[in-house]
Amino acid sequence: MSIRDIIEGKKQWRAHAARVKALPPDYRIVYQEMQRYLFKVGPTGLLDGDLLPGIVDFFEEGVGAGKGVLEVTGTDVAAFCDELIKDSRTFADLYQESRDR
């Protein structure tokens, strides 16, 4: 990874963080909890992929439609996250595979 890649990654992350900050408070709180959850159990390529920006896109659509965040995600936010990553390779999978060897 070059210095330019690092700088570009930081720019992208800051732009992403600005989009999250622009969300209404209830959406922002749920997003932050989802992000925390996904960093713990989520896919191995979480930062390289478009999952987090996709969630922000989805939330922005919900805001535009005048819906509350739990109308968009459902009341079980962890289950919503699990559904998003159900076909992804997770750190838990890697750990399990290393123990099976």
Side-chain angles (χ1 to χ4, degrees):
M1 184 179 260
S2 73
I3 295 293
R4 286 186 184 194
D5 293 338
I6 293 170
I7 291 170
E8 185 59 34
K10 278 188 163 188
K11 285 180 184 178
Q12 290 174 357
W13 185 255
R14 286 185 183 137
H16 174 78
R19 288 178 64 203
V20 171
K21 190 175 181 179
L23 291 170
D26 57 338
Y27 276 86
R28 194 169 49 245
I29 290 167
V30 170
Y31 173 84
Q32 290 166 345
E33 291 301 318
M34 289 174 67
Q35 180 181 333
R36 191 172 299 125
Y37 179 80
L38 290 169
F39 279 145
K40 286 181 184 176
V41 301
T44 56
L46 183 62
L47 292 176
D48 300 331
D50 57 353
L51 178 62
L52 294 176
I55 293 170
V56 176
D57 292 340
F58 185 62
F59 279 9
E60 288 171 340
E61 289 175 20
V63 170
K67 295 182 179 180
V69 68
L70 295 181
E71 290 178 83
V72 173
T73 62
T75 56
D76 190 343
V77 178
F80 178 81
C81 290
D82 290 340
E83 185 65 26
L84 289 175
I85 62 170
K86 70 180 179 184
D87 296 326
S88 301
R89 193 167 166 82
T90 65
F91 288 110
D93 296 332
L94 294 177
Y95 176 75
Q96 186 62 41
E97 289 169 7
S98 71
R99 291 189 48 96
D100 291 343
R101 291 182 190 173

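Since the structure is predicted, the reported quantities are computational estimates derived from the model, not experimental observations.
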Same hydrophobic cluster for Trp13 and Leu38, using side-chain heavy-atom links shorter than 4.5 Å among ILVMFWY? yes
Counting only heavy atoms not in Asp50, do more than 12 sit closer than 6.0 Å to its CG atom? no
Where do Met34 and Ile55 land on the side-chain contact (heavy atoms from CB on, under 4.5 Å) test, with the steps shown first? CA-CA 9 Å; Met34 289 174 67; Ile55 293 170; 3.7 Å; yes
Check whether any side-chain heavy atom of Phe39 lies under 4.5 Å from a side-chain heavy atom of Arg36, and answer yes or no. no
If we only count heavy atoms from C-beta on, is the Val72 to Val30 side-chain gap below 4.5 Å? no
Would you say Val20 and Val56 make side-chain contact, with heavy atoms under 4.5 Å? yes
Any idea which heavy atoms bring Glu60 and Arg19 closest together, and the distance? OE1-NH2, 2.7 Å
State the CG-CG distance between Leu70 and Asp26, to the nearest 0.5 angstrom. 7.5 Å
By salt bridge (charged side-chain N to carboxylate O under 4.0 Å, His left out) - contacts of Glu61 (at least two apart): none
In Å, rounded to the nearest 0.5 Å, how long is the span from CD of Gln35 to CG of Leu51? 10.5 Å
I need the full list of salt bridge (charged side-chain N to carboxylate O under 4.0 Å, His left out) pairs touching residues 71-85, with sequence neighbours left out, sorted by first then second residue. Glu83-Lys86
Do Val63 and Val69 touch side chain to side chain, with heavy atoms closer than 4.5 Å? no
Could you tell me which non-hydrogen atom of Pro43 sits nearest to which non-hydrogen atom of Ile85, and how far apart they are? CD-CG2, 3.5 Å
Supply the members, apart from Ile7, of the Ile/Leu/Val/Met/Phe/Trp/Tyr cluster built from side-chain contacts under 4.5 Å; use none for a lone residue. Ile3
Rounded to the nearest 0.5 Å, what's the gap from CZ on Arg4 to NZ on Lys11? Could you check? 10.0 Å
Parallel, tilted or perpendicular: ring planes of Phe59 versus Tyr31, cut at 30 and 60 degrees: perpendicular
